[in-house]
Engineer: 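Quick one: the structure is below, and I'll ask about it shortly.
In each ligand, atom 1 is the first atom listed, and ligand 1 is the first ligand listed. Computed from heavy atoms alone, side chains included, the values below leave out hydrogens, waters and symmetry copies.
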Amino acid sequence: MSIPVIVAIDGPSGTGKSSTSRAVAARLGLSYLDTGAQYRAITWWMLSNGVDVNDPLAIADQAGKPAIVAGTDPAAPAITVDGVDASGPIRTQEVTAAVSAVSAVPEVRTRMVEIQRAAAASAPAGIVVEGRDIGTTVLPDATVKIFLTASPEVRAARRSGELKGAQSVADTQAALIRRDAADSGRTTSPLAKADDAVEVDTSELSLEQVVEQVVALVGEKRAAR
Ligand SMILES: Nc1ncnc2c1ncn2[C@@H]1O[C@H](COP(=O)(O)OP(=O)(O)O)[C@@H](O)[C@H]1O
Ligand SMILES: Nc1ccn([C@@H]2O[C@H](COP(=O)(O)OP(=O)(O)O)[C@@H](O)[C@H]2O)c(=O)n1
């Protein structure tokens, strides 16, 4: 058996983290973990249970309650909260608007990071983990660290394509920029590029080109060890 490979993919919203991570994991036969889905899931639970998402103490007090389970199959990402499928509700605009406040609470992060490290440690061939703080905090010894970027215009156009006109491109861009600022500005493990991460600007690249670059980097690291 070869040593498991750990790939950390970080970056702001709409840079291609999920699409790239799933494709790389599928191509290399690795597990896959979407940590953003976990933060969205705990946010959905807080909203559903009447917790004031602008009250960090109230969030901290409840952070240990929901059981969040994320699947690790890149062909079928799954997320449940207390056994209930949360894959639809976690993508609503209500959750998107509240997730940065909930994920800034240290007690929430401590809990999520524990689940994330356990998933990485138990992946048989290795794992691709995507998020905001994977290379800096969750898995600082990852084999390969990637930091994806793209211009705000490109990111907003990609996101509004997915929202199918539910929100204007201008509103989507403004919301992305607000979330970037909150995620980069928080005290506990903010969105940041690790010093040893490779930055890839995806603005002018196709998904296939980004996937090729990441697969090539993993191949180089594997050959070197
Ligand atoms: N390199 C790319 N070129 C064009 N579209 C892309 C690229 N990467 C991702 N996309 C598309 O952009 C949208 C957002 O991608 P996603 O992977 O969800 O980003 P993130 O996880 O960083 O928010 C998706 O609709 C996806 O198909
Ligand atoms: N490792 C991570 C991943 C996500 N998050 C939080 O979760 C939110 C949603 O992440 P996401 O990856 O689903 O966001 P999108 O890029 O899909 O819009 C982010 O805006 C962060 O507030 C985090 O704090 N740390």
Engineer: Answer yes or no: does atom CD of E208 have more than 12 heavy-atom neighbours from other residues, nucleotides or ligands under 6.0 Å?
Structural biologist: yes

Engineer: Who's the nearest protein heavy-atom neighbour of atom 3 (C) of ligand 2, and how far?
Structural biologist: T35 OG1, 3.3 Å

Engineer: May I ask you to check if ligand 1 and K17 share an N or O to N or O distance below 3.5 Å?
Structural biologist: yes

Engineer: I'd like the name of whichever of G36, S189, S13 reaches closest to atom 11 (P) of ligand 2 through any heavy atom.
Structural biologist: G36

Engineer: Looking at atom 1 (N) of ligand 2, what's its closest protein heavy atom, distance included?
Structural biologist: D133 OD1, 2.8 Å

Engineer: Any idea which part of R159 is under 4.0 Å from ligand 1, heavy-atom wise: side chain, backbone, both or neither?
Structural biologist: side chain

Engineer: Looking at ligand 1, does any of its N/O atoms fall within less than 3.5 Å of an N/O of V210?
Structural biologist: no

Engineer: Could you check whether atom CG of N49 has more than 12 heavy atoms from other residues, nucleotides or ligands sitting under 6.0 Å from it?
Structural biologist: yes

Engineer: For R155, is the nearest heavy atom under 4.0 Å from an atom of ligand 1?
Structural biologist: no

Engineer: Tell me: protein heavy atom nearest atom 20 (O) of ligand 2, and distance?
Structural biologist: D183 OD2, 2.6 Å

Engineer: So, is Y39 polar-close to ligand 2, with some N/O to N/O distance under 3.5 Å?
Structural biologist: no

Engineer: Which part of T15 is near ligand 1, with near meaning a heavy atom under 4.0 Å away: side chain, backbone, both or neither?
Structural biologist: both

Engineer: Give me the nearest non-hydrogen protein atom to atom 15 (P) of ligand 2 as residue plus atom name, then the distance to 0.1 Å.
Structural biologist: R159 NH2, 3.2 Å

Engineer: With a 4.0 Å cut-off on heavy atoms, does G14 reach ligand 1?
Structural biologist: yes

Engineer: Taking all non-hydrogen atoms of both residues, which atom of A8 and which atom of I134 are closest, and how far apart?
Structural biologist: CB-CG2, 3.6 Å

Engineer: N/O of S103 under 3.5 Å from N/O of ligand 2, yes or no?
Structural biologist: yes

Engineer: Below 4.0 Å from ligand 1: does a non-hydrogen atom of P12 turn up there or not?
Structural biologist: yes

Engineer: Do you see a donor-acceptor pair shorter than 3.5 Å between the side chains of D85 and T80?
Structural biologist: no

Engineer: For atom 13 (O) of ligand 2, grab the closest protein heavy atom and report residue, atom and distance to one decimal in Å.
Structural biologist: R40 NE, 2.7 Å

